[in-house]
Amino acid sequence: MKTVDLAIVGAGPAGMVAASEARGHGLSVAVLDEQEAPGGQIYRAVEAVAAQAPERLALLGEDYAHGRRLAENFRVSGAEHIDRALVWQLEPNGLWYLRDEVCHELKANRILLASGAIERPVPIPGWTRPGVMTAGGVQILLKSSGVVPDGRVVLAGNGPLLYLLAAQLLAAGCRIGALVETVPYARYLEAVPHLPAALGSGYLSKGVRLLRHLRSSGTRIYRNARDLRVEGEQHAEALCFHAGGHEVRLDSDLIVLHEGVIPNQQLTRALGCVHRWDDGQKCFRPETDEWGNTSVEDVLTVGDGAGIGGALAAEHAGRLAALEVARSLGYLQTRERDRLSTSSRRQLNKLLQGRRFLEVLYAPPEERQSPPDETLVCRCEEVTAGQVRTAVRTGCTGPNQVKAFTRCGMGPCQGRMCGNTVSAIVAETQGITMEECGYYRIRPPIKPIPLAALAAAEVDCELDDVAQ
Amino acid sequence: MTGKPASGTTDLAVIGGGLHGCSLALQAALKGLSVVVLEKDSIARHASGVNAGGVRRLGRHPAEIPLSLASMRMWHEIEELVHDDCGFQVSGQVKVAETEGEMGNLRLRAEQLRSQGYEHEVLLDGEELYRLLPALKRGCPGGLACLDDGFAEPYRTTQAFRRRAEALGVRFLEKTRVLSLEARCSGCRLSTSSGELEAGVVANCAGAWAARICEQLGEPVPLEPIAPMMTVTQRLPFFVKPVVGTTGRLLSFKQMPNGTVLIGGGHRGRAEPQHNGTALDFRRLIRNVQIAADLFPSVRGARIIRCWAGIEARMPDDIPVISRSSTASNVLHAFGFSAHGFQLGPVVGRLMSELIVSGESSLSLKPFSITRFQRDRPAATS
Ligand SMILES: Cc1cc2nc3c(=O)[nH]c(=O)nc-3n(C[C@H](O)[C@H](O)[C@H](O)COP(=O)(O)OP(=O)(O)OC[C@H]3O[C@@H](n4cnc5c(N)ncnc54)[C@H](O)[C@@H]3O)c2cc1C
Ligand SMILES: Cc1cc2nc3c(=O)[nH]c(=O)nc-3n(C[C@H](O)[C@H](O)[C@H](O)COP(=O)(O)OP(=O)(O)OC[C@H]3O[C@@H](n4cnc5c(N)ncnc54)[C@H](O)[C@@H]3O)c2cc1C
C-alpha cells in the first residue's frame, strides 16, 4: 500500500486550495471526496454546470462561478483526486474509504480534514414529515440537476444560506409563498456592536441586496416567528407559528427549514480529537491551533468543518494548513512558512471578524435548544424530546447514557441529526453547560457502508483466525 | 448518585459498577448488608454495557459449567430478581461445524460432557441444523446447540441490577475512582477520587483495571486487557433466530429483536485501559465480517451501521478469578471473565455474597482461585 505525504478529506474550497498549495511545495497529495467532482458544498458541480448549463451558472450567482478557478487550479495541481470516495474511518496516519462498493485503506503522513459543515437540524414538531426539506437539500437539487420545486413553497428559519437559496430559487423562476424569519427582535440590538467589522467584510451589502430582491418579488416576509410546527397527517400540509401577536397557518406543499450550518464533527469525534463548545457559533468544534493542528498528532482540520467561517475563509485556512504540513514534513523552513502565510492570515482574520455580526444575529432561537416534548429528536430511532428528558430524569447523566438507554443516535445517521439537540436537552435538564455535557462518542463507520464492500476489502497482512 | 463524596463506613464496598459489581451489590443488599458501589466512570460504561449480550452455556470451559448452569436458571427468572426482563430472549445458541473434522470435534465435546453428567449441549445433524438455520450456507454437516440459551440487552441488564440494588438502599457513586486500598484486620480503608471510606469487606470487580488493585494487595495477576470488536448492521427482515457460533473460526452472529444483526466473536482491537479507550483494528474486523458473509450469504447486502470494541479482562487460562484475596482476608475478587462474563453475572454476585456472609459458597469456586497464578509464576519465569 502506498503512503502519501498528505491525504485531504473534502474537495471544497478548503481542500482544493490546500491541495494546490501543498503540491506547489512538492508534497504528494491525495484528495478524497464523496462527490463526483471537486467543489464542495458551495461550488457543488461547478465544472459541469459551467460546461453544460451556463445559464444555470448565471442564476447561481457570481460567488458560485468563482469556484471554477479553484477547481481548475486543483485539477492541474497534480494532486490525486479520489472522487466518489466516502471516508468512513480515520486512524493515526491512515484512513479507510468506500469507493465503487469496495473498501480501501490509504496511508498518509498527515491528514487534513476539510470536510465542511452540515446544516443545523431544526427540530420542530413535524419536521420529519415528507414535504419538509432543508435549504441545503433543495440547493443540492438545484445545483446538480437544475430541479426547482413547484407548488406552495414556504421558507422558514434564518441565516445567509436561507436568503441565498431564496434568491437562487427566484432567479430559477420559482415562486416563494413566504419567508418566515425566526430571528427574535432582540437579536438585532445584540448584533449592532458587530456591525462595523461586518461592513468591512462585504457580507452585509450582499445580504441587503438579497433581501431587497426578495421583497420586490412579492414574497411575504414574517418576522420574529416562534413556536414553529409542521401540521399534516402523512405529508406536511402547513407551517404554523406565532408572529406579530397572531397565530399564523400557511398551507404549503414544500416547507424548507434552515437555521445555519455547523461543523460536521463525525470524523474528528470518531478520531478522538478534543472538541470545545463555541458559544458564539452555538456549536461544538474541534480544538485547533492557528494552523489547523488538532489535538491528535498529524491530523489537521480547516474550513467550515473546524468552525464556520464561510467559503473565502476556508480557502485561506486551507492554504495555511498546507504551509504548516509542508513545514512539518521538511518541505519548508519555518521562516518561509511564516512569510508565505502573512497575506492569507490577514485576510482570514478580517473575514472571521466580519462573521461575528452574522453569528449573533442568526444564532438559533432558544426554543430550538429545548424542543417541545412531542418533537422527534432522533429520526432514525424515532425518539422524542420528551423521552430524552425522561431518560435524564431517571438517571442518564450524559448523552452516551441517553443513547444506550433510548437508542437515540444509534441509527444510520450515527447521531448527526440528533447529537446537538440531545446534548442541549441533557444540559438543560441537568443544569450544566454544553461543554460539561459533551457529546456522543462517535463510532465508525461515520456513514453506513455495505457489508459486502467491507468484506471485499483487501487486507495485506496474514491474520490467523483463532490465535491473536 | 453522581458526584456525591465518598465518606463514612459501610459493610461492603464494591469497586466497579459493571454487571458483576451491580450483581454483587444487589445480592449483598438482599442479605441485609449496607453496600456502596464505587465506579470511576458511569455504571455499565465498559464491558457490561457494550457486550454482545450472549447468554450462553454452550461451549463453556468445564470449570465454568456448574456456575453457568446455575446462572442460566437465574436468567430464566431474571424479572423476579431485578423487576425488569432485561430484554432476555430464549433463542437457542448453535455452534456450527463447517467440516466433517469440526463435526468430529463437536461429537467428542458432546461425549465428554455426557460422561460428566451434563446434558445441556445437544448434537444436531445436518437436517436439524438447517431446520434451525435455513439461511446458513449449504454444506455444513451439523452442530452443537443449547436450545434454552439466548441473549439479553447488556446496558439495560446492568442498569436493571443497579436500579434494583438502589431500591434496596445500595449507594452508587459514579465518577468515583478508587485510588488505593488499605486492608487491615478490622476492615479496609479506601481512598477515592472523592473522599475516604471505611468498609468491612471490599470486592474488586474492576474488570480490565482489576490488576492495579491486586498489585496494591501484593498479589499481582497476569491480567491482559483485551478489546473484542463488534459490528452491527441496519435492520433486516428476520432470517435467523438462534445465536450462531462457529467451531474452527471466530464468529458470533445474531439478529436482534429490532432486526439489526450483531457480528462479533472475539476478533480483537487494541485496548487502552489507561485512557478508557479502544482502537479498532479494521484488518481483523474485515476478517470477522468475511466469516459472517461466508456463513450467511444473505447478510452481504446489509449496511454496517456501527463498529465498536469494549475493554475486558482476560486471564491466561480464559477463566475468571472469583476468589478471596490470598493476602487480605476481607477482600474478594471477581474479574477476568475473558469475554464471556455477561452470562455469569447473576450467579457470581450471589456466590460472592454467600462467601461474604457465611464464609462459604454454594458452588465450588476452587478453579477460580487467585492463587493458581502464584503457583504458576516460578514455572513461567524459568
Ligand atoms: C448544504 C450546504 C450548502 C451550502 N451552500 C452554500 C452556498 O451556496 N454558498 C455559500 O456561501 N456557502 C454555502 N454553504 C456553506 C459552506 O459550507 C461554506 O461556505 C464552504 O463550502 C465551506 O468550504 P469547506 O471547504 O470548508 O467545505 P465544503 O465546501 O463543505 O466541502 C467539504 C467536502 O467534503 C466532502 N466530505 C465531507 N465528509 C466526507 C467524507 N466523510 N468522505 C468524503 N468526502 C467528504 C463533501 O462531499 C464536500 O465536498 C453551504 C453549506 C451546506 C452544509
Ligand atoms: C465486545 C464484547 C462482547 C462480549 N460479549 C459477551 C457475550 O456475548 N456473552 C458474555 O457472557 N460475555 C460477553 N462479554 C464479556 C462481558 O461483557 C464481561 O465479561 C463482563 O461484562 C464483565 O463485567 P465486569 O463487571 O467484570 O467488568 P466491567 O463491565 O468492565 O466493569 C468494571 C468496572 O469497574 C470500573 N473500575 C475499574 N477500576 C476502578 C477503580 N479503581 N475505581 C472505580 N471503578 C473502577 C470500570 O470503570 C468498569 O466500569 C463481552 C465483552 C465485550 C467487550
Side-chain angles (χ1 to χ4, degrees), chain A residues 88-92 94-96 98 101 103-105 270-272 380-381 391 394-398 400-407 409-415 430 432 440-468, chain B residues 1-3 42-45 49-50 153-156 158-159 162-163 166 172 174-175 226 230-235 246 248-251 258 260-261 263 266-268 275 277 279-294 297 299-309:
Chain A
W88 52 265
Q89 157 80 340
L90 297 177
E91 289 167 359
L95 54 80
W96 289 86
L98 168 69
E101 302 293 300
C103 291
H104 305 271
E105 190 181 6
L271 188 63
C380 306
E381 299 286 330
T394 53
C396 293
T397 48
N400 289 298
Q401 285 98 303
V402 170
K403 176 171 160 184
F405 200 73
T406 63
R407 297 195 53 83
M410 281 202 183
C413 93
Q414 274 278 34
Q430 299 246 74
I432 55 177
Y440 292 144
R441 275 186 295 279
I442 300 299
R443 305 298 192 198
I446 61 137
K447 281 189 184 172
I449 52 173
L451 189 142
L454 190 58
E458 270 177 40
V459 176
D460 65 356
C461 62
E462 277 294 305
L463 297 173
D464 81 71
D465 265 356
V466 179
Q468 297 209 346
Chain B
M1 216 168 57
T2 310
S42 55
I43 302 303
R45 158 76 172 83
V50 302
E153 292 173 32
Y155 184 82
R156 177 169 162 196
T158 309
Q159 290 293 351
R162 172 255 184 96
R163 267 198 310 277
E166 225 162 22
F172 284 82
E174 299 185 288
K175 295 185 182 140
I226 59 169
M230 303 293 312
T231 296
V232 66
T233 70
Q234 74 192 116
R235 296 168 189 216
T246 33
R249 315 193 264 181
L250 284 180
L251 178 73
N258 68 4
T260 59
V261 171
I263 299 167
H267 297 261
R268 290 182 202 152
H275 42 84
L280 296 172
D281 179 343
F282 269 95
R283 297 165 184 203
R284 291 189 189 283
L285 196 130
I286 285 166
R287 193 73 202 106
N288 196 183
V289 164
Q290 285 169 343
I291 298 170
D294 183 25
V299 84
R300 299 185 66 86
R303 285 186 172 262
I304 292 174
I305 301 288
R306 193 166 52 252
C307 308
W308 72 93

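A note on names: the letters A, B, ... follow the listed sequences, proteins ahead of strands, and every chain is numbered from 1.
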Side chains of B:Phe282 and A:Glu105: does their closest heavy-atom pair fall under 4.5 Å? no
Suppose we screen for salt bridge (charged side-chain N to carboxylate O under 4.0 Å, His left out). Which residues come up paired with A:Arg407, at least two apart in sequence or across chains? A:Glu381
Who passes salt bridge (charged side-chain N to carboxylate O under 4.0 Å, His left out) against B:Arg163, sequence neighbours left out? B:Asp84
Using 0.5 Å steps for rounding, measure from the CG atom of B:Asp281 to the CD atom of A:Glu91. 7.5 Å
Proximity breakdown for B:Arg156 and chain A, heavy-atom pairs closer than 4.5 Å: neither
How many angstroms lie between atom CZ of B:Arg303 and atom CG of A:Leu454, to the nearest 0.5 angstrom? 12.5 Å
Can you tell me which portion of B:Asn258 sits under 4.5 Å from chain A's heavy atoms? Options are side chain, backbone, both or neither. side chain
When rounded to the nearest 0.5 Å, the distance separating OG1 of B:Thr233 from CD1 of A:Ile449 is 12.0 Å
Bottom line for B:Leu280: the part with an atom under 4.5 Å from chain A's heavy atoms is both
d(B:Met230 CE, A:Arg443 CZ) to nearest 0.5 Å is 12.5 Å
How about A:Leu451 and B:Val261: do any of their side-chain heavy atoms sit closer than 4.5 Å? no
Hey, could you give me the CD/SG distance between B:Gln159 and A:Cys396, rounded to the nearest 0.5 Å? 6.5 Å
Where on A:Gln401 is there a heavy atom nearer than 4.5 Å to chain B: the side chain, the backbone, both, or neither? both
Is there a side-chain contact between B:Gln234 and A:Pro448 in this structure, where contact means two heavy atoms from C-beta onward sitting under 4.5 Å apart? no
Picking from A:Lys447, A:Gln414, A:Met410, which has the most non-hydrogen pairs under 4.5 angstrom with chain B? A:Met410
Which of A:Ala453, A:Cys380, A:Ala455 touches chain B most, by non-hydrogen pairs under 4.5 Å: A:Ala455
